[in-house]
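Here the structure is laid out as structure tokens; the discussion comes afterwards.
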Amino acid sequence: MISKVYWSYNLKRTNMEDRYSKFKKLNWLLSASFEAERVYYNAGEDVQQVELKRFFNFESVNRNRFSYEISEQLVQAGVEPEKEWIQKGNLDRDWREEKKALTRSRPLKLLKKCRERDEENLQLYDEILEEGKLPKEVLKILKKQRSSIIMSLEKAERFRTGEQVLDPSRRSKVVALKAM
């Protein structure tokens with residue numbers, strides 16, 4: 001009788017460990033997504049250019065949605081999402097750093113920081129998608145999120161190269177010529 005109870009307990013524990021190991025990388029992705037949200041949020045707070053501020057804020061909201069979707073999938077799988085340490089904003093800044101960020105905002109540096117975070121996250125997305133161990137619905141959500149990140153990286157590249165102007169007031173004005 002004892003061996004049967006022990007075997008049953010071991011089987012439950014093994015199934016739970018398998019489930020947690022299966023979703024371990026998804027939990028890592030959740031943390032990385034929260035971090036990306038924070039990086040975009042902070043960049044949106046620091047930058048002064050309207051177009052770039054809109055971009056950063058939009059992507060921050062997007063990363064928040066990604067985090068929610070990943071967290072929801074973890075909960076549905078019976079896995080506890082790791083998110084107790086996540087907070088928005090610059091927690092480690094003092095007032096001098098805040099003043100410096102507001103007076104000397106370097107938009108391309110902020111853009112680079114966001115791009116680097118997204119590129120790191122893409123590697124994790126690729127790794128999880130290549131393994132294919134997660135349920136199909138989760139993989140479908142991750143593919144959708146991955147393509148959204150790629151699109152935001154392309155837009156960030158347009159800002160970096162000047163293809164998309166940071167300050168709309170500096171746009172070149174097209175003069176319409178009238179035929180005489």
Side-chain angles (χ1 to χ4, degrees), residues 4-47 51-92 110-161 163-164:
K4 190 175 184 181
V5 171
Y6 177 75
W7 182 81
S8 174
Y9 170 76
N10 259 351
L11 182 62
K12 286 180 185 177
R13 197 180 90 201
T14 304
N15 287 340
M16 220 159 110
E17 287 173 359
D18 286 346
R19 185 174 25 167
Y20 273 93
S21 67
K22 189 177 182 181
F23 286 91
K24 186 177 186 178
K25 287 187 181 177
L26 193 60
N27 238 331
W28 291 348
L29 186 59
L30 176 63
S31 295
S33 188
F34 276 126
E35 181 64 29
E37 176 190 357
R38 194 173 86 218
V39 169
Y40 275 108
Y41 178 84
N42 291 339
E45 291 287 311
D46 293 348
V47 76
E51 292 297 315
L52 205 50
K53 185 179 274 294
R54 284 182 187 148
F55 171 72
F56 287 143
N57 289 336
F58 177 79
E59 292 304 328
S60 173
V61 170
N62 230 5
R63 297 311 178 275
N64 179 277
R65 185 176 50 80
F66 293 172
S67 301
Y68 174 77
E69 289 172 349
I70 292 169
S71 184
E72 191 176 60
Q73 293 302 315
L74 287 167
V75 169
Q76 286 179 5
V79 176
E80 181 69 29
E82 294 176 16
K83 58 182 178 182
E84 59 272 350
W85 64 271
I86 302 301
Q87 291 187 15
K88 284 185 185 173
N90 291 307
L91 302 176
D92 55 348
L110 295 171
L111 192 61
K112 180 181 178 188
K113 191 174 184 179
C114 291
R115 289 184 64 214
E116 287 171 352
R117 168 51 58 193
D118 276 348
E119 288 167 356
E120 288 174 16
N121 287 1
L122 273 181
Q123 290 175 355
L124 193 50
Y125 274 96
D126 290 340
E127 193 175 315
I128 292 170
L129 290 170
E130 282 177 22
E131 286 177 359
K133 291 181 181 178
L134 298 172
K136 288 180 183 179
E137 182 163 322
V138 176
L139 295 175
K140 183 180 175 183
I141 290 169
L142 295 181
K143 285 177 187 176
K144 184 178 165 190
Q145 291 179 358
R146 183 185 178 282
S147 65
S148 180
I149 291 173
I150 290 171
M151 286 177 19
S152 79
L153 282 171
E154 290 168 356
K155 187 167 186 174
E157 182 63 17
R158 288 194 300 273
F159 277 121
R160 190 188 69 76
T161 60
E163 225 177 290
Q164 187 153 349

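Values reported hereafter were calculated over all heavy atoms of this structure, with side chains retained and with hydrogens, waters and symmetry mates removed. If you're wondering where the values come from, they're calculated on a predicted model, not measured in any experiment.
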Within the side chain of S71, is there an N or O that forms a donor-acceptor pair under 3.5 Å with the backbone of Y68? no
Under 3.5 Å, side chain of N64 to main-chain N/O of S60, donor-acceptor pair present? no
R54/E51 salt bridge by N-O under 4.0 Å criterion: yes
Evaluate L110 against L52 for side chain to side chain contact (heavy atoms under 4.5 Å, CB included), listing each step before the verdict. CA-CA 10 Å; L110 295 171; L52 205 50; over 6 Å; no
Suppose we screen for salt bridge (charged side-chain N to carboxylate O under 4.0 Å, His left out). Which residues come up paired with R146, at least two apart in sequence or across chains? D126
Tell me every residue that passes salt bridge (charged side-chain N to carboxylate O under 4.0 Å, His left out) with E119, counting only those two or more places apart in sequence or in another chain. R115
Who are the side-chain contact (heavy atoms from CB on, under 4.5 Å) partners of K155, not counting sequence neighbours? F55, R158, F159, Q164
Set of residues satisfying side-chain contact (heavy atoms from CB on, under 4.5 Å) with respect to A36, sequence neighbours excluded: R63, R117, D118, N121
Begin from the C-alpha positions of E72 and Q76 and carry the test side chain to side chain contact (heavy atoms under 4.5 Å, CB included) through to its verdict. CA-CA 6 Å; E72 191 176 60; Q76 286 179 5; 4.0 Å; yes
Taking only residues two or more places apart in sequence, or in another chain, which ones meet [X] in a side chain to side chain donor-acceptor pair (under 3.5 Å)?
X	answer
S148	N62
Q73	none
E131	K25

Around atom NZ of K113, are there more than 12 heavy atoms of other residues, nucleotides or ligands at under 6.0 Å? no
CD/E59 to CG/N57 distance, rounded to the nearest 0.5 angstrom? 10.5 Å
Nearest 0.5 Å, please: how far is CD1 in I128 from CG in L134? 6.5 Å
After noting the C-alpha distance and the side-chain angles of L153 and L122, does the key distance pass the side chain to side chain contact (heavy atoms under 4.5 Å, CB included) rule? CA-CA 10 Å; L153 282 171; L122 273 181; 3.4 Å; yes
Report yes if some heavy atom in the side chain of [X] is under 4.5 Å from a heavy atom in the side chain of [Y]; otherwise report no.
X	Y	result
S147	Y125	no
Q145	I70	yes
E69	R65	yes

Which atoms form the tightest heavy-atom contact between [X] and [Y], and what is the distance?
X	Y	answer
Y40	S152	OH-OG, 4.0 Å
E37	S67	OE1-OG, 4.3 Å
V75	P81	CG2-CG, 3.7 Å
L124	A32	CD2-CB, 4.5 Å
K143	L129	CG-CD2, 3.8 Å
L111	A156	CD2-O, 3.3 Å

